[in-house]
Amino acid sequence: MQTQNYFLGCNYIIDLVDGKWKPSIICSLGLGDKQFGELRQYFMRLYGVAPAEKVLSEQLHQLIDHKIVKRTSYDVMPMKVIYSLTDDGKALKKLLIQMTQFAESIQDDSVHFKYSSKAMLGLVDLNLKENLAD
């Protein structure tokens, strides 16, 4: 692996979670371990759209390479693979929640969030309209 140079550590974290689905993958797995299809179903329910299988697979593998996500395969037929957060992934999820809470605290009328940080914490039923962010 080639060494990357960053001016600040936060630039590395931003690079690490860069990707349309990576923060959502981390927060979803923070609510519970999931199989690949379960992740896609979760995103479909949450956003009304799921990432293409190739995109989700690529972003999962990038998070695995950075030791944020753990992939566990079971020797059964059909093959079973479970994705979960590592300890570093759990810490990163907390940071993403803090970032979201900060964004909520500075948001103005030009910005809208579909879900509040409470959704990231698993404190709301994402299917209930009243739990959408204002």
Side-chain angles (χ1 to χ4, degrees):
M1 183 180 267
Q2 185 178 358
T3 300
Q4 296 284 333
N5 292 309
Y6 295 94
F7 289 111
L8 299 168
C10 62
N11 295 110
Y12 171 65
I13 298 302
I14 292 167
D15 192 35
L16 187 71
V17 297
D18 184 35
K20 181 176 181 177
W21 297 100
K22 285 181 186 177
S24 295
I25 291 168
I26 293 165
C27 290
S28 170
L29 293 177
L31 298 174
D33 302 349
K34 292 178 179 58
Q35 293 181 333
F36 188 86
E38 292 172 323
L39 270 173
R40 292 194 80 233
Q41 289 172 359
Y42 177 82
F43 296 137
M44 182 58 77
R45 195 177 92 242
L46 182 64
Y47 302 120
V49 65
E53 288 185 15
K54 180 182 178 188
V55 171
L56 181 57
S57 180
E58 287 173 352
Q59 292 194 6
L60 273 168
H61 282 92
Q62 290 167 2
L63 291 169
I64 290 167
D65 289 346
H66 289 284
K67 298 179 179 31
I68 300 302
V69 170
K70 178 179 161 188
R71 180 186 187 274
T72 305
S73 58
Y74 296 90
D75 193 17
V76 296
M77 291 305 273
M79 191 168 113
K80 182 177 180 179
V81 175
I82 301 290
Y83 296 94
S84 58
L85 290 182
T86 63
D87 289 341
D88 287 343
K90 291 173 186 174
L92 183 54
K93 180 188 175 195
K94 289 178 184 176
L95 179 61
L96 291 174
I97 291 169
Q98 290 174 336
M99 290 171 64
T100 300
Q101 290 169 333
F102 177 69
E104 291 168 352
S105 75
I106 64 168
Q107 112 186 60
D108 59 26
D109 291 339
S110 68
V111 179
H112 176 263
F113 307 117
K114 185 171 182 177
Y115 296 105
S116 72
S117 55
K118 290 180 182 177
M120 297 170 73
L121 293 163
L123 299 177
V124 296
D125 181 346
L126 298 176
N127 295 314
L128 296 177
K129 194 173 198 130
E130 62 266 19
N131 289 325
L132 295 176
D134 295 331

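Just so it is clear, the structure is predicted and the values come from calculations on it, not from any experiment.
- Donor-acceptor pairing under 3.5 Å is lacking for the side chains of Asp88 and Thr86.
- Here the side chains of Lys93 and Leu31 are in contact, with some heavy-atom distance below 4.5 Å.
- Side-chain atoms of Gln59 and Pro51, non-hydrogen and from C-beta on, never get closer than 4.5 Å to each other.
- Heavy atoms from other residues, nucleotides or ligands lying under 6.0 Å from CG of Asp109 number 12 at most.
- Across every non-hydrogen atom of Cys27 and Met120, the tightest pair is SG-CE, 3.2 Å.
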Residue pair Leu29, Ser84: steps toward the side-chain contact (heavy atoms from CB on, under 4.5 Å) verdict: CA-CA 6 Å; Leu29 293 177; Ser84 58; 5.9 Å; no

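- Residues Ile64 and Leu39 share a single hydrophobic cluster, defined by chaining ILVMFWY side chains whose heavy atoms lie under 4.5 Å apart.
- Residues Phe113 and Glu104 have side chains in contact (heavy-atom distance under 4.5 Å, counting atoms from C-beta outward).
- The two residues Thr100 and Ser117 have their closest heavy-atom pair at CG2-CB, 3.9 Å.
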Leu60 and Arg71: CA distance, side-chain angles, deciding distance, side-chain contact (heavy atoms from CB on, under 4.5 Å) verdict: CA-CA 9 Å; Leu60 273 168; Arg71 180 186 187 274; over 6 Å; no

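- Rounding to the nearest 0.5 Å gives a distance of 9.5 Å between CD of Gln35 and CD of Gln41.
- For the pair Tyr74 and Met79, the tightest heavy-atom approach, listed with the atom from each and the gap, is O-CG, 4.0 Å.
- Note on Leu8 and Ile13: separate hydrophobic clusters, where clusters join Ile, Leu, Val, Met, Phe, Trp and Tyr whose side-chain heavy atoms are under 4.5 Å apart, directly or indirectly.
- Within the 4.5 Å cutoff, no side-chain heavy atoms of Glu58 are placed close to those of His61.
- No more than 12 heavy atoms of other residues, nucleotides or ligands sit less than 6.0 Å from atom NZ of Lys70.
- A side-chain contact (heavy atoms from CB on, under 4.5 Å) with Ile26 holds for exactly one of Leu16, Ile97, Leu85; it is Leu85.
- Under the side-chain hydrogen bond (donor to acceptor under 3.5 Å, both in side chains) criterion, Asp15 pairs with Tyr6, not counting sequence neighbours.
- Clustering ILVMFWY residues whenever any of their side-chain heavy atoms sit less than 4.5 angstrom apart, transitively, puts Leu46 in the very cluster that holds Val49.
- How far CG of Leu92 is from NE2 of His66: 11.0 Å, rounded to the nearest 0.5 Å.
- Here Gln101 contributes atom CD and Met99 contributes atom CE; the two are 12.0 Å apart, rounded to the nearest 0.5 Å.
- Contact of the Ile25 side chain with the Ile68 side chain is not registered, since no non-hydrogen atoms from C-beta on lie closer than 4.5 Å.
- When the side chains of ILVMFWY residues are joined at heavy-atom separations under 4.5 Å, either directly or via intervening members, Val81 and Val76 end up in two distinct hydrophobic clusters.
- Note on residues 19-40: pairs passing ring pair (Phe, Tyr, Trp, His ring centres under 6.0 Å), not counting sequence neighbours, are Trp21-Phe43, Trp21-Tyr47.
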Worked check of side-chain contact (heavy atoms from CB on, under 4.5 Å) between Leu95 and Val17: CA-CA 11 Å; Leu95 179 61; Val17 297; over 6 Å; no

